[in-house]
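Mind looking over this structure? Questions follow.
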Amino acid sequence: MGTEGEQLCEAARNGDVARVKTMVESGADVSFFDIDGLTPLMHASKFGHTHVVKALLEAGAPWNALSSSNQSAGDFAMDSGHQEAFEVLLNAGIQAELILGTIARKSKKDGDSEGDYLEDRVTFSEDKLMDSDSKAVMMAWEKPLMEAHAKAVCSGGGNILNVGFGMGLVDTAIQQYGPATHTIVEAHPEVYERMLRTGWGKKDNVKIIFGRWQDVLSQLESYDGIFFDTYGEYYEDLRDFHQHLPKLLKPGGIYSFFNGLCGDG
Ligand SMILES: C[S@@+](CC[C@H](N)C(=O)[O-])C[C@H]1O[C@@H](n2cnc3c(N)ncnc32)[C@H](O)[C@@H]1O
C-alpha cells in the first residue's frame, strides 16, 4: 500500500477510471511524480488508457510535465503506439497554447510587456543562443534536425524562404543546396546584426528582411520551399502564418516548420 500519489499512479496504469475519478475527487495530487519520475498521466498514456488520460486532464493534470528522461505524456503515448491517447494529449496541448497565447496578447495590450523576447538582449556562444532569462532559443544539437528540414524544403530547388535565423543552422544547410534565391526573415536586432557581421548580407543569392514576419509580409513573394521556426511566439502565430501559406508557397512547393508544441519541444 503506497502513498496516495503512488496509488493514483497505479490506478492510472491499470486503466481504472472509476478509481482515478474517486481519488481525484477526494483530493489526490494529479501532479504527483513517483519514484521513477512519472506522473499518473504518463502511466495512463504509456498504456493507452484514453479514458483515464481524459479524466486526469479534466482534473488539471499537467500535459507538458516531463519525466526524468525528458519525455512528456504525449511522448509515452506515441512511443507505445497509442494514437488515440496521443491525440487527446496533443489537443490538450494545443488548447493550452491557444489560451496562453490569448492571455499573453491581452497582457501585452494592457501594457505588461514582460516576456517580450524581441525587446530583450540575447547572448551567443559556440553552441547556443540564449534569451535574457537564460532560456535556449536555439542549440547546436538541433543541427541534424535543421539539416533534414533544409533537405526537404530545398528538394525542388528554386526560391527558398526561411523565417527565423537563430544560429543560422538551417540557413547554412539551405546554402549547401545552392538555391536560386534564399530569403531570410529575422526580427531580433542582435541576431540581425550578427548575421551582417558574419557575412550573410554579402551572399549573392541571400536577401535578408529585417522585421517580424507579421510586419514584412508585403515584402515577401512566392517560394518553392519555406521553413518556419520562430521563438517567443505561440501556436496562434503559427496558425496565422499557415493562413498565409496559400499565397507564399508556389503550387507544388514544400513547407516545413519546427514543431515546438510538445512538452519537450
Ligand atoms: C529558434 S530560432 C531559429 C533557429 C534556426 N532555425 C536555426 O536553424 O538556427 C528563432 C528565431 O526566430 C526569430 N524570431 C522570433 N520571432 C520572430 C518573428 N515574429 N519574425 C521573424 N523572426 C522571429 C528569433 O529572433 C530567432 O532568431
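Note that ligands are numbered from 1 as they come in the structure, with each ligand's atoms numbered from 1 the same way.
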- Item | Donor-acceptor pair between E233 and T230 side chains, under 3.5 angstrom | yes
- Message: Can you confirm if the aromatic rings of F228 and F258 lie within a centre distance of less than 6.0 Å?
- Response: no
- Note on the structure: The protein heavy atom nearest to atom 20 (N) of ligand 1 is W213 N, 3.0 Å
- Message: Just to confirm my output: which protein heavy-atom neighbour is closest to atom 8 (O) of ligand 1, and how far is it?
- Response: V170 N, 2.8 Å
- re atom 24 (C) of ligand 1, the protein heavy-atom contact at minimum distance is Y117 OH, 3.1 Å
- Message: Any heavy atom of G211 closer to ligand 1 than 4.0 angstrom?
- Response: yes
- Note on the structure: Counting heavy atoms under 4.0 Å, the part of M146 that contacts ligand 1 is side chain
- Task: Please report which non-hydrogen protein atom sits nearest to atom 27 (O) of ligand 1, along with the residue it belongs to and the distance in Å to one decimal place.
- Result: E186 OE1, 2.8 Å
- Message: Checking a contact table here: which protein heavy atom is nearest atom 1 (C) of ligand 1, and how many Å away?
- Response: V137 O, 3.1 Å
- Message: Among all the protein's non-hydrogen atoms, which is closest to atom 19 (N) of ligand 1, and how far away is it?
- Response: E233 OE2, 2.9 Å
- Query: Side chains of F32 and E6: does their closest heavy-atom pair fall under 4.5 Å?
  - Reply: yes
- Message: Other residues, nucleotides and ligands only: do more than 12 of their heavy atoms fall within 6.0 Å of CD on E190?
- Response: yes
- Message: In the structure I gave you, are the side-chain heavy atoms of M146 and F227 within less than 4.5 Å of one another anywhere?
- Response: yes
- Message: Considering non-hydrogen atoms of the protein only, which is the closest contact for atom 22 (N) of ligand 1, and what is the distance?
- Response: A187 N, 3.4 Å
- Are R13 and F47 in a cation-pi contact, defined as NZ or CZ under 6.0 Å from the six-membered ring centre and within 45° of the axis? no
- Shortest protein heavy-atom distance from atom 9 (O) of ligand 1, along with the residue and atom involved: M167 N, 3.0 Å
- Query: Side chain or backbone of E142 under 4.0 Å from ligand 1, or both, or neither, by non-hydrogen atoms?
  - Reply: neither
- Item | Distance, nearest 0.5 Å, that separates CG of D120 from NE2 of H188 | 7.0 Å
- Can you tell me if G168 has a non-hydrogen atom under 4.0 Å from ligand 1? yes
- Query: Do E147 and K151 meet the salt-bridge criterion of a basic N to acidic O distance under 4.0 Å?
  - Reply: no
Please set out all donor-acceptor pairs under 3.5 angstrom arising from side-chain atoms of residues 167-176, sequence neighbours excluded.
residue : atom : partner : partner atom : Å
D171    : OD1  : N162    : ND2          : 3.2
D171    : OD1  : H182    : NE2          : 2.6
D171    : OD2  : N162    : ND2          : 2.7
T172    : OG1  : G168    : O            : 2.6
Q175    : NE2  : H182    : ND1          : 2.9
Q175    : NE2  : N205    : OD1          : 3.2

- Query: Out of G232, G164, A173, P189, who gets a non-hydrogen atom closest to atom 12 (O) of ligand 1?
  - Reply: G164
- Where the closest heavy atom to atom 7 (C) of ligand 1 is concerned, which of F210, F165, Y192 has it? F165
- For the pair Y255 and H242, name the ring-plane relationship: parallel under 30°, tilted 30 to 60°, perpendicular over 60°. perpendicular
- Item | Geometric N/O contact L118 with ligand 1, under 3.5 angstrom | no
